[in-house]
Amino acid sequence: MKIAVGLSGGVDSSVAALLLKEAGHEVIAMFMQNWNDTTGTLHGDCAWEEDKSVAEMVAKKLDIPFHFVDLSDVYRKKVVDYMFEEYKLGRTPNPDVLCNREIKFDAFLKTALNLGADYVATGHYCRKESFLNEKGEEVFRILAGTDPNKDQSYFLCQLTQEQLSKAIFPIGHLLKSEVRRLAAKAGLPSADKKDSQGICFVGKVDLPVFLQQKLSIKEGVVVEVFMDFYSGNALSKYNFIGYDTVELSLLDEISAPYSYDLSSGRVIGMHQGAHFYTIGQRKGLNIGGHVESIFVISTDVDKNIIYVGEGQSHPGLYRKGLFINENEIHWIRPDLKMATGEIRDYLVRIRYRQPLQKVRIYKTENGLYIVFDEPQRGITPGQFAVWYADEEMLGSGVIS
RNA sequence: UGACCUAUGGUGUAAUGGUAGCACUUCAGAUUUUGGUUCUGUCAGUCCAGGUUCGAAUCCUGGUAGGUCAA
């Protein structure tokens with residue numbers, strides 16, 4: 001079996017290659033270059049060149065062939081342009097989810113297959129399993145990584161059965177500490193390399209600066225919304241009921257964001273563009289003088305207004321439910337797809353590393369309503385809600 | 001134009017005449033393969049000019065600025 005490993009120069013993909021090699025597979029290393037523009041990036045201009053040389057050293061150490069592929073064009077088109085577009089619309093994208101769907105398990109996968117590989121392996125912390133259905137077809141499952149602290153299944157929430165059929169995750173059953181130890185034991189040059197952070201392949205960026213390449217600065221007002229806005233507000237009362245006591249007729253109301261306007265509060269400052277901010281954000285507002293920090297509770301890119309509230313427990317920060325449009329629902333397990341009218345209890349996370357939350361999901365003809373048992377902080381349009389049954393990731397969708 | 005009140009880091013506020021402190025913000029680190037969150041650390045101040053006092057943010061005089069009430 002010939003397996004192409006996406007070797008990034010980090011410790012995880014290095015150990016993935018190591019394990020496959022030790023298992024006796026024919027392994028080839030492939031290093032992707034996806035980004036070479038350092039505009040707006042913080043520290044380290046040409047980080048990828050160093051990563052490449054580490055990856056090359058790892059390949060040499062493991063005695064496997066090393067290939068270099070440049071996917072910058074497709075990355076820019078499928079990931080970076082999507083980012084700009086989403087921010088422009090006032091949503092908060094997740095580039096790394098797209099990077100996996102469009103690059104690692106699409107453009108890169110195809111390149112690998114063209115090089116004669118049967119499978120593609122990555123250093124993600126998640127596990128793949130499969131079983132045969134009654135028709136004798138193989139159905140693939142993604143399970144959370146065994147290391148509870150590193151589970152990266154979330155970033156793979158948009159993969160298809162087709163993509164999964166070609167994927168291998170060699171380190172999903174290991175703890176990070178074990179991966180480090182294996183790397184050290186094998187003498188891999190990446191053993192002590194620091195974990196990567198920030199946008200995958202781009203790195204840590206000063207986001208407002210990065211976005212200013214395409215989005216212009218536009219001064220607008222910051223409006224503080226106070227507690228009294230919520231008293232008597234129908235929405236806030238749902239926060240105190242469990243997910244299993246919701247009436248179907250209330251789903252729309254529960255899952256819709258609060259809507260604010262200038263009369264909802266008081267202008268307390270100015271900002272440089274509503275599209276540079278996201279819900280739940282605390283830093284970068286430049287407004288002091290409050291007893292507690294103020295957080296963004298809503299943005300309006302059309303009117304260019306940012307709404308904020310004081311304190312971690314501000315009601316505007318919490319919502320009981322969310323909605324996913326019919327055309328933005330993705331099932332990793334199409335065989336488990338919900339029919340209109342169906343109701344199921346699952347576990348959901350709305351961001352990477354968030355503990356799974358108890359929910360009840362309602363499928364209607366318009367889309368999917370997710371009602372949480374506990375109100376959730378910072379439900380943000382554009383981000384992905386991902387549903388699980390125990391350890392298995394079943395599907396995902398873009399929050400409206 | 002008459003009377004009164006107030007003036008402390010970028011912001012909001014503490015300090016019986018005795019080392020100007022806290023919170024927020026900013027910035028920097030740590031955590032995090034998205035945004036964001038969280039944690040730690042840091043910078044920064046007594047409106048101006050005189051006076052009283054061993055010693056003034058504090059008391060006195062004048063100035064400046066803002067506010068309130070009278071008109």
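Per chain, numbering begins at 1; letters A, B, ... match sequence-line order.
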Report task. Please work out which of the three classes, parallel, tilted or perpendicular, describes the rings of A:Phe68 and A:Phe31, given edges at 30° and 60°. Result -> parallel
Atom CD of A:Gln312 and atom C1' of B:U38 are separated, to the nearest Å, by 8 Å
Across every strand shown, the nucleotide meeting Watson-Crick or G-U wobble geometry with B:U42 (both distances under 3.5 Å) is none
Please give the distance between the C1' atoms of B:U42 and B:A23 as a whole number of Å. 16 Å
Walking RNA chain B from its 5' end, the first of A:Gln281 and A:Gly198 to be reached, judged by nearest nucleotide, is A:Gly198
Would you say B:G36 has OP1 or OP2 under 4.0 Å from some side-chain N or O of A:Gln354?
no
Check your understanding: Mind checking the P distance from B:C24 to B:G66? Whole angstroms is fine.
Key -> 32 Å
Scanning all shown strands, the Watson-Crick or wobble mate of B:C59 with both distances under 3.5 Å is B:G51
Rounded to whole Å, the CE-P distance (A:Met83 to B:U34) equals 11 Å
Side chain to side chain donor-acceptor pair (under 3.5 Å) with A:Asp12: of A:Lys176, A:Lys150, A:Lys193, only one passes, and it is A:Lys176
Measuring only the P atom in each nucleotide, how far is B:A7 from B:U16? A whole number of Å is fine. 14 Å
Where does the angle between the aromatic ring planes of A:Phe323 and A:Tyr369 fall among parallel (under 30°), tilted (30 to 60°) and perpendicular (over 60°)? tilted
query: What integer number of Å spans the P atoms of B:U11 and B:U25?
result: 15 Å
Whole-Å distance, A:Ile379 CD1 to B:G36 P, equals 19 Å
Checking B:G35, B:U34, B:C24 against the side chain of A:His290 (C-beta onward), the nearest is B:C24
Would you please say whether a donor-acceptor pair under 3.5 Å links the side chains of A:Ser130 and A:Glu138? yes
A:Tyr352 vs B:U33: side-chain N/O to OP1/OP2 distance below 4.0 Å
yes
Check your understanding: Base, sugar-phosphate alone, or nothing: which one does A:Gly123 contact when heavy atoms must sit under 4.0 Å apart?
Key -> nothing
Atom NE2 of A:His271 and atom P of B:U25 are separated, to the nearest Å, by 18 Å
From NZ of A:Lys176 across to P of B:U31 the rounded distance in Å is 12 Å
Any strand, both distances under 3.5 Å, Watson-Crick or G-U wobble: B:U31 pairs with none
**Prompt:** Parallel, tilted or perpendicular: which fits the ring planes of A:Trp387 and A:Trp331, with parallel below 30° and perpendicular above 60°?
**Reply:** perpendicular
Note: for A:His124 and A:Lys283 on RNA chain B, the residue whose nearest nucleotide lies more 5' is A:His124
The Watson-Crick or G-U wobble partner of B:C4, with both key distances under 3.5 Å, is B:G67
Phosphate OP1/OP2 of B:U31 contacted by A:Lys194 side-chain N/O (<4.0 Å): yes
A:Ile294 CD1 to B:U37 P, in whole Å, measures 12 Å
Atom CD of A:Glu102 and atom P of B:U34 are separated, to the nearest Å, by 19 Å
Between the base of B:G36 and the side chain of A:Arg282, is one N or O donor paired with an acceptor at under 3.5 angstrom?
no
Using a 6.0 Å cut-off, check whether atom CZ of A:Arg266 has over 12 heavy atoms from anything other than its own residue. no
Checking B:U33, B:G35, B:U37 against the side chain of A:Arg377 (C-beta onward), the nearest is B:U37
If the C1' atom of B:C27 is compared with that of B:U64, how far apart are they to the nearest Å? 33 Å
Here the distance between atom C1' of B:U11 and atom CD1 of A:Ile287, to the nearest Å, is 10 Å
Considering only atom P, compute the distance from B:G67 to B:U8 and round it to an integer number of Å. 15 Å
- Item | Span that lies between the C1' atom of B:U53 and that of B:U61, in whole angstrom | 16 Å
Of B:G36, B:U33, B:U37, the nucleotide closest to the side chain of A:Gln152 is B:U33
Looking at every strand, decide which applies to A:Ser293 at a 4.0 Å heavy-atom threshold: base, sugar-phosphate, or nothing. sugar-phosphate
Regarding the side chain of A:Leu207, the nearest nucleotide among B:G35, B:U34, B:U33 is B:G35
Do A:Thr380 side-chain and B:G35 base share a donor-acceptor contact under 3.5 Å?
yes
Practice task
Describe the nucleic acid contact of A:Phe384 in one word from base, sugar-phosphate, nothing, applying a heavy-atom distance below 4.0 Å.
Solution key: nothing
Using Watson-Crick geometry (N1-N3 plus N6-O4 or O6-N4) or G-U wobble (N1-O2, O6-N3), each under 3.5 Å, B:G12 is paired with B:C22
Exercise. Considering only heavy atoms and no angle criterion, is a donor-acceptor pair shorter than 3.5 Å present between the side chain of A:Gln383 and the base of B:U34?
Worked result: yes
| task | Would you classify A:Leu98 as touching base, sugar-phosphate or nothing, given that sugar-phosphate means primed atoms plus P, OP1 and OP2, and contacts are heavy atoms under 4.0 Å? | result | nothing
Paired with A:Gln376, the side chain to side chain donor-acceptor pair (under 3.5 Å) test is passed by just one of A:Gln357, A:Arg319, A:Arg349, A:Arg351, namely A:Gln357
(request) For B:C4 versus B:G9, give the span between their C1' atoms, rounded off to a whole number of Å. (result) 29 Å
Aromatic rings A:Phe155 and A:Tyr352: how do their planes relate, parallel, tilted or perpendicular, breaks at 30° and 60°? tilted
